[in-house]
Number of protein chains: 2
Amino acid sequence: MTASNNATSPRRRRIPSAAVNRLPVYLQILTDLQLTETSQVSSDQLAALANVNAAKVRKDLSYLGTYGTRGVGYEVAFLIYQIKRELGLLTEWKTIVVGAGNLGSAITVNGGFASRGFPVVAIFDVDPRKVGTHVGELTVRNLDEMCDFVRVNGVHIGVLAVPSTAAQSVADDLIAAGVGSLLNFAPVVLTTTKGVTVRNVDLGVELQILGYHEQLRGQASSQPNRISV
Amino acid sequence: MTASNNATSPRRRRIPSAAVNRLPVYLQILTDLQLTETSQVSSDQLAALANVNAAKVRKDLSYLGTYGTRGVGYEVAFLIYQIKRELGLLTEWKTIVVGAGNLGSAITVNGGFASRGFPVVAIFDVDPRKVGTHVGELTVRNLDEMCDFVRVNGVHIGVLAVPSTAAQSVADDLIAAGVGSLLNFAPVVLTTTKGVTVRNVDLGVELQILGYHEQLRGQASSQPNRISV
DNA sequence: TAGATTGTTAATCGATTAACAATC
DNA sequence: TAGATTGTTAATCGATTAACAATC
């Protein structure tokens, strides 16, 4: 409705990465709001729901364009559309999962990623006992077929749910086959060619960061390994 | 060996959070190095392995104390010890997992967190069909027992691998029972009392961030949904 | 002594946020 | 007009990194 400003968008401003990391969170909240039939939202409300500063919300949203109405707020549906457009979620990015263990299965079945723009189109494993079994609606394929599959189907994103020892080699194969982004769950730092985007999710690292904060808390009182209440 | 500088450490400097987030990565790399019998490492080498700037490595390590040797580098074993000390990993932080689905199981079994200082001491689920089944060496307990268990055993950290709809309520219970930190896998922003540390891992958010980068890449060439090679 | 590498300074860059004019 | 809220400016804060004296 407001529209058009940069509908043609000939040259694209780069959005600061801190803002890119928050936009999906706003999107999530706005989608939830829409289910409660909320049609308008202010930066204050959105900030409260996202646990951030209202000025930050306005600044982040300003990178999308000037889509708010002073004195009123933002139209939820329109903002959802604009965030999706900016993040490239109007396109579906074909995704495959490598590793059909608990984690790979959780991601494939549980993730509900299809609804968020990331259809998991295949899952692979090297273990012949897993090949042929079902994970959600998919049949586990042999790792040997992975490279061809990526090339033939134009897969964009690879999710690595394999052991650390295998991660680099699988990553190399995926990149050679044309994948542009990797989501890596193995606790190793991957070496990649330039231009490939990697995001790491290391559950051990997350816990260790929490451990640090637990320690800080324990410090005020005395013994760290005791419960304080 | 160098030791003692702040072995008593009466007042503790706060380490910048960006550095806290990287220390576990260095720890991982150093542990791997130790397996290859490497006893000394320079900031340059460590930086290459961690994919960061060498000056950043030195600065990060300087928050631990001055444990390097000019002209030589750092002793791997000693650095491992110091990072563990700083992150509070010399203590074991009792951890429970809530939700015994694929994700909860992956975390419990797969994680190998015990070896990294976070023994998963129990797993809970609300589904009576899951209660009593085994996940690794643990038996799934009924969610009803969770609060008592946390209080009696002095659990420090709760991992939320439950559906979005249940996450806030489980978080409230855990906090009331005395847990200090939460690792949340549900795609919701949790509301917590002050002093509780929360880290969120939202796999959908990670993918959406990758989607943005895929889009940027696609832009130089033309059509985003086609494969470029 | 010559070579190597740390630890730290200081410059730079990016992120956050209070404040407020613009405007619905 | 009065009240509300955006969009943006500018101040501040924190993170990054080049450079180099200190020193093994």
Side-chain angles (χ1 to χ4, degrees), chain A residues 1-3 5-6 13-26 29-30 33 38-80 82-83 86 209 212, chain B residues 1-6 13-26 30 33 38-79 82-83 86 209 212-213:
Chain A
M1 317 229 143
T2 317
N5 192 351
N6 62 341
R13 330 99 302 186
R14 198 50 137 273
I15 297 184
S17 72
V20 170
N21 294 348
R22 281 186 298 264
L23 287 173
V25 178
Y26 302 146
I29 292 168
L30 290 165
L33 276 179
T38 310
S39 65
Q40 298 282 338
V41 70
S42 71
S43 59
D44 249 339
Q45 294 174 300
L46 197 45
L49 292 168
N51 240 333
V52 298
N53 184 293
K56 188 185 277 181
V57 169
R58 291 199 295 277
K59 185 132 248 240
D60 287 345
L61 296 181
S62 77
Y63 297 121
L64 307 173
T66 60
Y67 298 132
T69 306
R70 287 162 199 244
V72 179
Y74 302 86
E75 203 201 319
V76 173
F78 190 62
L79 209 47
I80 289 176
Q82 291 299 336
I83 294 178
E86 190 62 47
I209 294 168
Y212 175 72
Chain B
M1 315 230 143
T2 318
S4 90
N5 191 352
N6 62 342
R13 330 98 305 184
R14 196 51 136 274
I15 298 183
S17 72
V20 170
N21 294 347
R22 281 186 297 264
L23 286 174
V25 178
Y26 302 147
L30 290 165
L33 276 179
T38 312
S39 65
Q40 298 281 341
V41 69
S42 70
S43 60
D44 248 341
Q45 294 173 301
L46 198 44
L49 292 167
N51 241 333
V52 298
N53 184 292
K56 187 184 279 179
V57 169
R58 291 198 296 278
K59 185 132 248 241
D60 287 344
L61 296 181
S62 77
Y63 297 120
L64 307 174
T66 59
Y67 297 133
T69 307
R70 288 163 197 245
V72 179
Y74 303 86
E75 203 201 319
V76 173
F78 189 63
L79 210 47
Q82 291 300 337
I83 293 177
E86 189 62 46
I209 294 169
Y212 176 72
H213 291 282

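Lettering follows sequence order; numbering is per chain, from 1. What you are looking at is a predicted structure, and each value in this text was computed from that prediction instead of being measured.
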Do [X] and [Y] touch side chain to side chain, with heavy atoms closer than 4.5 Å?
X	Y	result
B/Tyr212	A/Glu86	yes
B/Tyr74	B/Ser43	yes
A/Val76	A/Leu79	no
B/Val52	B/Tyr26	yes
A/Asp44	A/Val57	no

Problem - For D/dA15, the Watson-Crick or wobble partner whose two distances fall under 3.5 Å - result: C/dT12

Completion exercise
As its Watson-Crick or G-U partner within any shown strand, both distances under 3.5 Å, C/dA21 has D/dT6

Exercise for the section: May I ask you to verify if any side-chain N or O of A/Tyr67 is less than 4.0 angstrom from the OP1 or OP2 atom of D/dT5? Expected result: no

Problem - Distance below 4.0 Å between A/Ser43 side-chain N/O and D/dT6 OP1 or OP2 - result: yes

Taking [atom1] from [X] and [atom2] from [N], how many angstroms apart are they, rounded to a whole number?
X	N	atom1	atom2	value
B/Tyr63	D/dG14	OH	P	11 Å
B/Leu64	C/dG7	CG	C1'	13 Å
A/Asn53	D/dC13	CG	C1'	13 Å
B/Phe78	C/dT6	CZ	P	15 Å
A/Glu75	D/dT5	CD	C1'	16 Å
A/Arg22	C/dA15	CZ	P	9 Å
A/Lys56	C/dA18	NZ	P	11 Å
A/Arg14	C/dC13	CZ	P	17 Å

Practice task
Return the 5'-most residue of the pair B/Val41, A/Ala18 with respect to DNA chain C, ranking by each residue's nearest nucleotide.
Solution key: B/Val41

Problem - DNA chain C: 5'-proximal contact among A/Arg70 and A/Pro16 (nearest heavy atom) - result: A/Pro16

From the options [options], select the nucleotide whose nearest atom is closest to the side chain of [X].
X	options	result
B/Thr66	C/dT8, D/dA15, D/dT8	C/dT8
A/Lys59	D/dT17, C/dT16, C/dT6	C/dT16
B/Thr69	C/dT6, D/dT16, D/dC24	D/dC24

Exercise for the section: Starting from the 5' end of DNA chain D, give me the residue, A/Val72 or B/Ala19, whose nearest nucleotide shows up first. Expected result: A/Val72

Practice task
Would you mind classifying the nucleic acid contact of A/Ala55 as base, sugar-phosphate or nothing, using non-hydrogen atoms under 4.0 angstrom?
Solution key: base

